[in-house]
Trainee: 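Quick one: the structure is below, questions incoming.
Below, chain A is the first sequence line, B the second, and so on; all start at residue 1. Values in this document were obtained by computation on a predicted structure and should not be read as measured data.
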2 protein chains.
Amino acid sequence: MVISLKDVAARAGVSVKTVSNVVNGYRHVTPATRQRVQQVIDELGYRPNLTARHLRKGRTGIIALALPELGNPYFAELADAVISYAAGLDYIVLLDHTNGRRDQEVLFAQGFRARLIDGLILSPIELENEDLLARGHDAPLVLLGEREYEAPYDHIAIDNVAAARTATRHLIDLGRRRIAFLGARHGRARQTAHLRLRGWREVLAEAGLPHGDALVATTDGYAREDGAQAMARLLDSGASPDAVFCYNDLVAIGAMRALSERGLRVPEHVAVAGFDDIEDGRYCSASLTTIAPHKQAIAQAAVDALIDRLDGDDEAKHAAPRHIRPGFALVRRESTLGKP
Amino acid sequence: MVISLKDVAARAGVSVKTVSNVVNGYRHVTPATRQRVQQVIDELGYRPNLTARHLRKGRTGIIALALPELGNPYFAELADAVISYAAGLDYIVLLDHTNGRRDQEVLFAQGFRARLIDGLILSPIELENEDLLARGHDAPLVLLGEREYEAPYDHIAIDNVAAARTATRHLIDLGRRRIAFLGARHGRARQTAHLRLRGWREVLAEAGLPHGDALVATTDGYAREDGAQAMARLLDSGASPDAVFCYNDLVAIGAMRALSERGLRVPEHVAVAGFDDIEDGRYCSASLTTIAPHKQAIAQAAVDALIDRLDGDDEAKHAAPRHIRPGFALVRRESTLGKP
DNA sequence: GCTGTCTTTTACATCGTTATACAGCATCGG
DNA sequence: CCGATGCTGTATAACGATGTAAAAGACAGC
């Protein structure tokens, strides 16, 4: 049998509201009453019905986190961070994945699961600016990740161009001269890949090094397999790079695999740098040099921004959209430095 | 402004219930009424308040999936499978992590988030049998993963002893004679690690090969780092194995890293086999031979079992606990076979 | 026209909780 | 001793949906 406030109230000989007051730690309850009610609560094993509470309060304390996929360790690690941090602020995170498909991303932006969730943190891949502008829904939305938008929403993203520049500069400083980029993408210029590609190109141009399309390999996705295929294509094309900067760590890991299959050693023949700092990278045969976005900071900024809109005062709620740029660091490892 | 059934009803000039009927596709509504109501719904952009619906129906359509951690790709991949499969059956999955801590696992088993979720799929690490028996809560519970329990709950797990036997047998068949086990654990005999250790020991004993404690390395956890440390310890101890069977792929990846740091080659000097078949394993410098539990089947069995208890007829609801053993396969790769 | 049957629509109660407004009762200062 | 004040506790009305039961309407057959 399911116990409700009413049952506790009857048994304790008080009103329903008094029990509610005890449950919620309301101040003005005599110790005697409180104790008696608490005892009945324990006795009957009462637990609040969250659904009813949500209805009454108009809030659920649930925020959704919509990521492209959990299979990518970067997103899994990020999800972990968001869930943990939100839990500390008494928010429950509902994790969803969009598979990076525009229709699914639009669905979430449009208010899928409306009023089950109080707000949404969305990490879009394909979503377009117009999709956001057409948003008919008013639950707070925080955008995550590197794409740039002009719609009026809080946005958390590290500076991708700067990060790509840092990584590429590192490869140049090591004396590499033919530095390829792995993981470009056809299509619109706002994509994350374009930002990283831009950083790569800028630095190479400044250094007077080759940065033509011959050194750029496109991929369909950003998984290990895409990296392996792209690297193989690049090698077949005769571009003969002495370093590659990859869109992300997964692509880099795939690339390293393709290199090793051809008997090329990392970093002796080809230095490899990635992006994301996923745990795997530290345990590759040549541990992976990479850009480490501060995931903890990203998770916190996203949750804080969202909760500000939810719980903040009116000023916070209607403040202009914020663009927050958490930090990043270049982590130098064996894939560029070689074994100690 | 938030639109409710009431608003639509007022505007359309019908009762609230009629609007509800239209929303729910109830049969006995004249096409004329239906159309008129539908138009107002579209006009006002009405969306049902899920919270109210949940309260009234006593069900939320949300099931929780409590896993140790998302940082382990095996669990991330499994979560992905569960979420996708459940979505196809119109269930929402609320993902939680327990960090493999007993107190957190108990919390979930005890009905944390009661009545926000309809049921729970729990993958315990430290949870004890007595914790389950003391369960005061009645929402359906499905146990996931390899630990064995005697409490009356559905349980989905592959046959760990058989799987460990298969992997160890494979190493023997390759001619290895000093086969170590990495990732044993102190403590109670029901732990998953003990099952895998048992399979390893049985096969070695049958083959008349050494299987003493000198060839067993314990770990505190099951992360890459634990594997690396354990492997290093084993090598320092002078056990000089020519193969290792690891508790899981992460431990195996850590072990391979430790081997390569000492200049030992895989599989020439030491063959390595893991467990889980995580994506990473395919892209290691020597791709990882491993036991591949059929994740899709596990996810489906877990969700099906839970939903049977939720939506099934009375017979299904009160059927005896089921123990389902999805299949597994040995995937032979370079870490035991060598490069082609 | 009336009854009976079937369809369509409605009014109302209800899910379990919290908010509101107020009643009862001390306590306190004057 | 009285009114003001503050603390406790209560009754009742929401929150927004759906289930129930019954009213209203439509239509056939006699």
Trainee: For A:Lys6 and C:dG16, give me the distance from atom NZ to atom P, rounded to whole Å.
Mentor: 8 Å
Trainee: Heavy atoms under 4.0 Å is the rule here; annotate nucleotides 4-14 of chain C 5' to 3' with B where the base is hit, S where only the sugar-phosphate is, and - elsewhere.
Mentor: ----SBBB-BB
Trainee: Write down the distance between CG (A:Leu5) and P (C:dA19), rounded to a whole number of angstrom.
Mentor: 12 Å
Trainee: Would you mind reading off the distance between B:Leu50 atom CG and D:dT18 atom C1', rounded to a whole angstrom?
Mentor: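 Spelled out: CG on B:Leu50 to C1' on D:dT18 is 14 Å.
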Trainee: Taking only residues two or more places apart in sequence, or in another chain, which ones meet A:Arg101 in a salt bridge (charged side-chain N to carboxylate O under 4.0 Å, His left out)?
Mentor: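 So A:Arg101 forms a salt bridge (charged side-chain N to carboxylate O under 4.0 Å, His left out) with A:Asp103.
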Trainee: From CZ of A:Arg53 over to C1' of C:dG16, roughly how many Å is that when rounded to an integer?
Mentor: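 One finds 10 Å between C1' of C:dG16 and CZ of A:Arg53, rounded.
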Trainee: Taking C-beta and beyond as the side chain, do B:Thr98 and B:Phe108 meet within less than 4.5 Å on heavy atoms?
Mentor: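 Yes. Closest side-chain heavy atoms under 4.5 Å.
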Trainee: Identify the two heavy atoms, one from A:Leu120 and one from A:Ala66, that lie closest to each other, and give their separation to 0.1 Å.
Mentor: CD1-CB, 4.2 Å
Trainee: Please identify each residue that fulfils salt bridge (charged side-chain N to carboxylate O under 4.0 Å, His left out) with A:Arg322, with sequence neighbours left out.
Mentor: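 A:Arg322: salt bridge (charged side-chain N to carboxylate O under 4.0 Å, His left out) contacts with A:Asp308.
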Trainee: Report yes if the distance between the aromatic ring centroids of A:His28 and A:Tyr26 is under 6.0 Å, otherwise no.
Mentor: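 Judged by ring-centre distance (under 6.0 Å), A:His28 and A:Tyr26 do meet the cut-off.
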Trainee: Among the nucleotides C:dT17, D:dC15, D:dA17, which one has an atom lying closest to any side-chain atom of A:Leu55?
Mentor: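 Taking heavy atoms from C-beta onward, the closest nucleotide is D:dC15.
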Trainee: What's the CD1-P distance between B:Ile41 and D:dG16, to the nearest Å?
Mentor: 16 Å
Trainee: Within this structure, what is the CD-to-P distance between A:Gln35 and D:dG9, rounded to whole angstrom?
Mentor: 13 Å
Trainee: With the side chain counted from C-beta on, respond yes when A:Ile63 and A:Ile117 share a heavy-atom pair under 4.5 Å apart, and no when they do not.
Mentor: no
Trainee: Which whole-number value in Å describes the distance from A:Arg115 CZ to D:dG16 P?
Mentor: 8 Å
Trainee: Taking CG from B:Asn49 and P from C:dC15, how many angstroms apart are they, rounded to a whole number?
Mentor: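 My rounded result for the distance is 18 Å.
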